[in-house]
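Sequence lines set the chain letters: A, B, ... in the order given, protein chains first and strands last, and positions in each chain run from 1.
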Amino acid sequence: MLNWDDVLTAAPTLVTRESDGELVVVLPEQGKFVVLNATGARVLALADGTRTLREIADTLSAKFGAEPVQVAGDVLRFAQSLVERGALHVRKVM
Amino acid sequence: MNEASFDFGIAGTALRARGPAAWLTPLCSAWTAWQPAPESVPWDVCLTADASLPVPQGPLFEATPHAQGGVCTLVAPGFEGEVSAMTGAAHLRAHPEAGPADIGYFLRVVLAIQAFARGGMLFHTAGIVHRGQGYAFFGVSGSGKTTAAHFSAPAPVLNDDLVLLWPSADGWQMHATPFGRRRGAVRVAPLRALLRLIKAPDVALVPLSAGRALGELVANTPVLSADPLWLPEVLTRWEALLSAVPVYALHFRRDATFWEVIDAELG
């Protein structure tokens with residue numbers, strides 16, 4: 001389960017391609033793919049190994065002027081799904 | 001062990017396999033109609049029986065190809081295979097208990113890599129010819145490719161699992177392959193549409209977003225989608241194909257009515 005202090009990094013072997021407003025993310029080891037909308041693509045871009053999940057949520061909340069609690073919930077669910085698919089790696093911060 | 005060799009090819013692909021006759025003779029007999037074009041330069045596929053390898057624990061088909069930097073390896077108990085797109089050569093060492101089906105699978109992997117290197121693509125799809133046009137029905141395992149082929153009878157089926165897509169001056173062509181079940185003698189047809197199968201109570205053709213289509217198609221490109229270095233080019237090739245060939249989600253049920261919907265939209 002993700003924690004807010006976890007640092008997220010996109011899997012190094014991901015291959016992405018922007019296509020008509022969507023981001024296609026291919027996971028070569030699994031032969032699977034994920035299609036992200038603009039917000040999802042932004043989360044993936046922010047998961048660069050320097051930001052915690054909380055910082056990613058805060059950044060998006062500020063960018064879109066949205067309610068932080070609502071954004072946090074959405075980001076948590078979305079990040080969790082990408083972790084389960086192998087698109088995001090997690091570094092636990094003690 | 002007697003040695004044998006045979007040439008095999010589809011569209012612009014060409015392989016020259018050499019190895020034990022016990023492996024190659026059955027394949028040569030089954031695939032004798034699949035001769036490469038005279039101008040196609042073959043890749044050498046060297047097959048070696050090696051009793052020092054462990055006895056195979058299952059068919060090579062169950063091994064997952066691993067690709068990196070243009071070199072694909074296929075390793076499982078009793079098998080050690082490698083295909084290099086850079087040198088155009090392939091080698092498989094296999095325990096003598098391996099069978100022609102294992103060798104056939106290896107040749108399929110080599111063909112997938114060579115086809116891509118030469119501008120085409122092997123594609124997991126049921127290729128069905130309807131009114132002279134080729135329709136590619138694709139989707140995850142169990143989505144209904146074989147069912148679509150069944151309910152399209154007596155239409156020719158290029159293959160119910162794997163076809164070869166090949167560019168030509170007249171557009172993309174869909175070629176039959178010997179790697180699955182076929183119906184009829186038709187070997188090639190112009191690619192009219194790509195149809196992502198979705199089982200549903202009501203038949204409909206539904207637009208598929210460009211991103212979704214691209215992801216689905218790449219995921220159904222065998223072997224090549226496993227290599228991060230090949231993937232950008234695989235995506236680019238599918239983008240080129242999608243600029244010329246329409247793609248839809250086909251909601252279909254277990255009858256032939258989907259052809260009425262296809263004809264109404266695309267016929």
Side-chain angles (χ1 to χ4, degrees), chain A residues 7-51 56 59-60 63-64 66 71 74-91, chain B residues 61-74 109 112-113 116 121-124 138-141 143 162 194 196 207-243 246-247 249:
Chain A
V7 175
L8 300 177
T9 311
T13 55
L14 283 186
V15 176
T16 62
R17 182 66 54 93
E18 194 279 334
S19 182
D20 203 15
E22 297 176 314
L23 188 72
V24 184
V25 180
V26 185
L27 308 162
E29 290 93 348
Q30 304 172 32
K32 293 184 177 175
F33 72 96
V34 189
V35 179
L36 306 180
N37 61 18
T39 306
R42 186 75 184 139
V43 171
L44 190 66
L46 290 169
D48 61 358
T50 68
R51 296 178 178 85
I56 291 172
T59 301
L60 285 175
K63 178 177 174 62
F64 295 113
V71 171
D74 291 345
V75 168
L76 178 61
R77 279 189 294 276
F78 179 71
Q80 184 69 45
S81 73
L82 288 186
V83 168
E84 289 167 359
R85 291 166 188 237
L88 285 180
H89 292 176
V90 182
R91 179 160 54 87
Chain B
F61 179 76
E62 293 175 0
T64 303
H66 292 281
Q68 193 165 31
V71 176
C72 177
T73 55
L74 203 54
V109 170
I113 293 168
F116 187 70
M121 275 187 295
L122 208 56
F123 178 35
H124 268 303
F138 67 99
V140 295
S141 181
S143 61
L162 273 173
L194 301 154
R196 175 33 167 119
L208 203 56
S209 77
R212 182 89 197 166
L214 199 52
E216 296 268 9
L217 293 166
V218 168
N220 282 286
T221 309
V223 183
L224 303 156
S225 58
D227 185 349
L229 292 183
W230 269 327
L231 263 174
E233 179 58 25
V234 175
L235 286 158
T236 298
R237 194 160 300 170
W238 275 117
E239 285 177 325
L241 193 150
L242 286 171
S243 70
V247 59

Minimum heavy-atom distance between [X] and [Y], given as atom pair plus value:
| X | Y | value |
| --- | --- | --- |
| B:G211 | A:V24 | O-CG2, 3.3 Å |
| B:A219 | A:F33 | CB-CD2, 3.9 Å |
| A:E22 | B:R212 | OE1-N, 3.6 Å |
| A:V15 | B:P228 | CG2-O, 3.7 Å |

Counting only heavy atoms not in B:Q68, do more than 12 sit closer than 6.0 Å to its CD atom? no

Q | B:F61, CZ: over 12 other non-hydrogen atoms inside 6.0 angstrom | A | no

When the 4.5 angstrom heavy-atom criterion is applied to B:E216 and chain A, the contacting part is both

Honestly, the part of B:T221 sitting under 4.5 Å from a heavy atom of chain A is neither

Max heavy-atom pairs within cutoff under 4.5 Å with chain A, candidates B:V140, B:D227, B:T236, B:N220, goes to B:T236

Note: vs chain A, highest number of non-hydrogen pairs under 4.5 angstrom among B:V218, B:T64, B:L214 is B:L214

When the 4.5 angstrom heavy-atom criterion is applied to A:Q30 and chain B, the contacting part is neither

Assert top hit (heavy-atom pairs under 4.5 Å, partner chain B, pool A:P28, A:G21, A:S19) equals A:P28

